[in-house]
Amino acid sequence: MSELGVITTVVIDVLGTLVDEPGGLTTAIAEAAGDQQDVAELLAVWQGHIEQQQQRILRGLRDYANSDQLDAEAAGLVMDRADITDPARRAHLAAATRRLRPWADAPAGVDRLAQHVTVFALSNSSVATLEELGDHAELRWHRALSAEEVRTYKPSPEVYRLAIETVGTPPNHMLMVNAHAWDLRAAQAAGMRAAYVHRPVGDPPSHTDRFDGYFDGLDELATALRG
């Protein structure tokens with residue numbers, strides 16, 4: 001179901017929407033910490049630290065630190081819990097977000113979208129991480145925008161204003177595409193259109209959400225936009 005109207009630019013989330021963040025982190029943690037560890041528990045340590053620290057930054061309780069710094073902290077906590085001190089293994093794990101696997105439809109889906117509209121990535125990941133991850137996952141967006149550029153994190157309104165000002169078109173001609181309903185709500189509050197794409201991970205819509213489109217994958221979205 002969709003009511004997209006005139007869309008000239010797709011602004012698409014990366015972690016969870018284009019790449020399998022939990023799956024990739026699980027694999028990286030298992031490789032770094034060993035099979036004897038409770039990988040699910042270690043993943044929870046990582047994810048909990050990232051969420052907590054981003055919230056502290058958003059509330060002004062911590063000075064801004066980019067995603068690379070937060071990932072390094074999370075990797076350190078995971079390796080401490082696993083009782084592993086090897087610096088090389090810690091450093092390799094800290095860069096795991098740059099090696100995440102794309103969802104099966106993501107590379108071709110982004111290519112197909114880019115044939116009809118301008119495609120911007122918009123992510124909490126750092127500029128450097130987005131550059132490397134885009135190459136690794138073969139995600140050929142037109143441009144990647146990072147929350148690092150405004151020194152905060154989604155869902156701060158500043159991140160969506162960054163996209164609107166950079167694109168330079170009316171926000172109601174911009175479609176935020178996401179597997180996270182919380183992110184779509186913030187984009188809507190900034191005046192952007194919103195489309196939910198289902199992934200096995202993420203934050204599904206609630207019964208009160210009113211998004212402009214609901215799709216099972218990027219192919220279905222691209223077909224709707226072309227139509």
Side-chain angles (χ1 to χ4, degrees), residues 12-58 62 65-110 121-141 144 146-148 153-154 177-183 196-204 216-218:
I12 191 163
D13 173 62
V14 179
L15 302 182
T17 302
L18 292 179
V19 297
D20 179 5
E21 182 184 23
L25 289 176
T26 296
T27 298
I29 290 169
E31 291 173 349
D35 295 335
Q36 302 305 311
Q37 300 291 334
D38 185 336
V39 176
E41 177 184 341
L42 296 178
L43 175 63
V45 169
W46 181 297
Q47 293 177 319
H49 179 76
I50 298 298
E51 181 177 358
Q52 179 190 61
Q53 295 309 308
Q54 287 184 353
Q55 287 298 317
R56 291 187 69 222
I57 291 167
L58 285 166
R62 173 178 176 173
N66 72 8
S67 69
D68 298 335
Q69 176 61 38
L70 298 187
D71 285 349
E73 294 169 3
L77 291 172
V78 166
M79 298 304 265
D80 286 345
R81 183 71 65 91
D83 197 26
I84 295 173
T85 59
D86 181 1
R89 290 169 74 178
R90 285 176 177 248
H92 187 68
L93 178 58
T97 307
R98 303 185 178 200
R99 305 186 302 271
L100 298 175
R101 297 184 300 270
W103 295 112
D105 68 335
V110 171
L122 182 66
S123 177
N124 279 338
S125 292
S126 71
V127 172
T129 290
L130 287 173
E131 289 177 355
E132 192 165 333
L133 179 58
D135 289 340
H136 171 79
E138 298 184 331
L139 297 168
R140 290 173 285 270
W141 44 58
S146 168
E148 180 182 23
Y153 287 99
K154 294 189 288 183
V177 175
N178 218 304
H180 310 290
W182 62 265
D183 207 345
Y196 172 76
V197 173
H198 172 74
R199 297 303 192 197
V201 301
D203 172 36
D216 288 329
L218 295 186

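If you're wondering where the values come from, they're calculated on a predicted model, not measured in any experiment.
- Here Glu31 pairs with nothing under the salt bridge (charged side-chain N to carboxylate O under 4.0 Å, His left out) rule; sequence neighbours left out.
- Across all their heavy atoms, Ala121 and Trp141 have their closest contact at CB-CE3, 3.6 Å.
- Side-chain contact check for Ser126 and Asn66: no donor-acceptor pair (N or O, by modelled atom type) lies under 3.5 Å.
- Salt bridge absent: Glu73 and Arg56 never bring a charged side-chain N and a carboxylate O closer than 4.0 Å.
- With contacts defined as side-chain heavy-atom distances shorter than 4.5 Å, the pair Tyr153/Leu70 qualifies.
- Between Ala137 and Pro107, the shortest heavy-atom distance links the atoms O-CG, 3.5 Å.
- Summarising the geometry, atom OG1 belonging to Thr129 is positioned 4.0 Å from atom CG belonging to Asp68; distances are rounded to the nearest 0.5 Å.
- Atom NZ in Lys154 sits 7.0 Å away from atom NE2 in His180 (nearest 0.5 Å).
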Per-pair distances, 0.1 Å, donor-acceptor, side chain in residues 38-47, under 3.5 Å, sequence neighbours excluded:
| from | atom 1 | to | atom 2 | distance (Å) |
| --- | --- | --- | --- | --- |
| Asp38 | OD1 | Ala40 | N | 3.3 |
| Asp38 | OD1 | Glu41 | N | 3.1 |
| Glu41 | OE2 | Arg81 | NH1 | 2.8 |

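- Under the 3.5 Å distance criterion, the side-chain polar atoms of Asp20 are left unmatched by any main-chain donor or acceptor of Arg101.
- When all heavy atoms are compared, the tightest approach of Ala32 to Ile84 is O-CD1, 3.4 Å.
- Identified under the salt bridge (charged side-chain N to carboxylate O under 4.0 Å, His left out) test for residues 83-94, with sequence neighbours left out: Asp80-Arg90.
- Sorted by first and then second residue, the salt bridge (charged side-chain N to carboxylate O under 4.0 Å, His left out) pairs with a member in residues 125-139 read Arg98-Glu132; sequence neighbours excluded.
- Tested against Leu18, the residues Leu100, Leu218, Asp13 include a single side-chain contact (heavy atoms from CB on, under 4.5 Å) partner, Leu218.
- Annotation for Asn124 and Ala147: closest pair OD1-CB, 3.5 Å, computed over non-hydrogen atoms.
- What you find for Ala65 and Arg62 is that their closest heavy atoms are CB-NH2, 3.6 Å.
- Of all the heavy atoms in Ala181 and Pro204, the pair that sits closest is CB-O, 3.7 Å.
- The side chain to side chain contact (heavy atoms under 4.5 Å, CB included) check on Arg99 picks up Ala28, His92, Ala95, Ala96, His136, with sequence neighbours excluded.
- Counting only heavy atoms from C-beta outward, the side chains of Leu93 and Ile29 approach each other to under 4.5 Å.
- Between the side chain of Glu21 and the main chain of Leu15, no donor-acceptor pair closer than 3.5 Å is present.
- The salt bridge (charged side-chain N to carboxylate O under 4.0 Å, His left out) search around Glu51 returns none, not counting sequence neighbours.
- Side-chain atoms of Arg199 come within 3.5 Å of backbone atoms of Thr17 as a donor-acceptor pair (strictly under, hydrogens ignored).
- Although no hydrogens or angles enter the test, the distance criterion places a donor-acceptor pair under 3.5 Å between the side chain of Ser146 and the main chain of Ser125.
- For the pair Asp203 (side chain) and Trp182 (backbone), a donor-acceptor distance under 3.5 Å is present.
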